[in-house]
2 protein chains.
Amino acid sequence: MKLTKHTDYAFRVLIYLAGYEKDKLATIKEVTAVFDISRDHVMKIVQKLAKAGFVDAIRGKFGGMKLGSNAADINLRDVVTLMEVTLAPVNCEEPPCRIAQGCVLQTLLFEAQELFLSHLGQYTLSDLIKPESETLYIIKALGESFAAGE
Amino acid sequence: MKLTKHTDYAFRVLIYLAGYEKDKLATIKEVTAVFDISRDHVMKIVQKLAKAGFVDAIRGKFGGMKLGSNAADINLRDVVTLMEVTLAPVNCEEPPCRIAQGCVLQTLLFEAQELFLSHLGQYTLSDLIKPESETLYIIKALGESFAAGE
DNA sequence: TCAAAAGATGTATTTATAATACCCCTATTA
DNA sequence: TAATAGGGGTATTATAAATACATCTTTTGA
């Protein structure tokens, strides 16, 4: 039932970027410092997000990253689907289940999972950083204290 | 998003018992043979199910196990809740998330999880072994071939 | 033109925990 | 009292997630 830390971290990064002024770049270093996750780890997550187009990563001096599209266009379900390796709630083949054929439980579990995902599918990143929200306020504060040399 | 094998196996055992004639006992040995899971492993799962009252385990010679109540009274949500160690989709405390306070994502994830669980909550074991169902047929066949010396 | 800043990527290691195995115990009944 | 059946603590193994290491390429301005 648990999502991986990768998915968790991906959301933290995306929310942080969404809280930024549009087109302002954040660096890996900044995200690393703000969330206290190792550079290497953040890199892996950002690269995955970049390949999927959720973030734009700009190389070179004065490079950095920003959202790849409007926060309102980044669907939460898509983020989960991207980051999670195994989405299936059960694996009836490995080891093979003797009663898998025609198993109603299988169907119910996949329906349940679809309800989980489709609930997230109703929201986008912009729902997480509404103006006047606590999150937006916190992000701005974190960004400022990083800029001020932590 | 994945459930543990323990939960998976617990369901296999329960479905098997539900497919049995009421009050007929199945042994650990039988379940072990039918599902090709080790005795020790089956024991652990059955013990957990027994402690929760989902199965009655009867010790001693000619002992065995059967459902602890009517299949219609064994709710699928309760089985998942019993078997899964970590139900929370994310852990915002470990490592602590700097933007956890007032985080909307948290709320959405828990809502999504609740939809998952409540879907299962609408069904019981008896929904999985309806008369004339393929599952019931398969279980009877497995039971017979075990009785016939595998 | 090269040094500094920034992201890219493949591989290896560590850690957590799920899964499994081992061992010996207790209960029941012919 | 022996055979059959479940009980339960502890140890080990396997798997995958999490993390670390090393080395790369890209960009830009002095």
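FYI, side chains are in, hydrogens and waters are out, and symmetry mates aren't considered; it's all heavy atoms of this structure. The model shown is predicted, which means the values in this text are computed figures rather than measured ones.
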Measure from the side-chain heavy atoms of A/Met43 and tell me the nearest of C/dA8, C/dA6, D/dA18.
C/dA8
Upstream residue (5' side of DNA chain D) when B/Lys29 and A/Thr7 are each assigned their closest nucleotide
B/Lys29
C/dA5 P sits how many Å from A/Glu30 CD, rounded?
16 Å
Using a cut-off of 6.0 Å, state whether more than 12 heavy atoms not belonging to B/Asp36 lie near its atom CG.
no
Length of the line joining B/His41:NE2 and D/dA11:C1', which is rounded to integer Å
15 Å
Side-chain-base donor-acceptor pair under 3.5 Å for A/Lys44 and C/dG10
yes
May I have the distance from A/Ile37 (atom CD1) to D/dT19 (atom C1'), rounded to whole angstrom?
12 Å
Are A/Ile45 and A/Ile37 connected in the hydrophobic side-chain network, where two residues link if heavy atoms are under 4.5 Å apart?
yes
May I have the distance from A/Lys51 (atom NZ) to C/dG7 (atom P), rounded to whole angstrom?
16 Å
What integer distance in Å separates B/Ile28:CD1 from D/dA5:P?
11 Å
Strictly distance-based, threshold 3.5 Å: is any side-chain N or O of B/Arg98 a donor or acceptor partner for the main-chain N or O of A/Val34?
yes
Side chains of B/Ser133 and B/Thr135 only: does a donor on one sit below 3.5 Å from an acceptor on the other?
no
Can you see if the side chain of B/His6 gets near the phosphate of C/dA19 - specifically, an N or O under 4.0 Å from OP1 or OP2?
yes
Is the OH atom of A/Tyr137 crowded by more than 12 outside heavy atoms at less than 6.0 Å?
no
In this structure, how many angstroms lie between the P atom of D/dG7 and the CD1 atom of B/Ile45, rounded?
13 Å
Taking only side-chain N and O atoms of B/Tyr9, does any of them lie within less than 4.0 angstrom of OP1 or OP2 on C/dT20?
yes
Parallel, tilted or perpendicular, as decided by the 30° and 60° cut-offs, for the rings of B/Tyr20 and B/Tyr16:
tilted
Side-chain N or O of B/Thr4 closer than 4.0 Å to phosphate OP1/OP2 of C/dA18
no
I want to verify a distance call: between D/dA17, D/dA22, C/dA21, whose nearest atom is closest to the B/Asp40 side chain?
C/dA21
Does B/Asp56 use its side chain to pair, donor to acceptor, with the backbone of B/Lys66 at less than 3.5 Å?
no
Verify, without hydrogens or angle tests, whether A/Glu84 (side chain) and A/Thr7 (backbone) share a donor-acceptor contact under 3.5 angstrom.
no
By side-chain contact (heavy atoms from CB on, under 4.5 Å), which residues pair with B/Val104, not counting sequence neighbours?
A/Leu128, B/Leu108
According to a strict under-4.0 Å criterion, is A/Ser38 in side-chain N/O contact with OP1 or OP2 of D/dA20?
yes
With a cut-off of 6.0 Å (strictly less than), are more than 12 heavy atoms of other residues, nucleotides or ligands near NZ of B/Lys140?
yes
Whole angstrom value for the distance that separates P of D/dA16 from NZ of A/Lys2:
14 Å
Rounded to whole Å, the CG-C1' distance (B/Leu49 to D/dG6) equals 14 Å
Please list, in numerical order, the residues of residues 77-85 of chain B that have a heavy atom closer than 4.0 Å to any atom of DNA chain C.
B/Val85
Can you build the contact string for nucleotides 25-30 of chain C? Use B for base contact, S for sugar-phosphate-only contact, and - for no protein heavy atom under 4.0 Å.
-BBBBS
Checking contacts here: which listed nucleotide (C/dA21, C/dT9, D/dG7) is nearest the side-chain heavy atoms of B/Ala57?
D/dG7
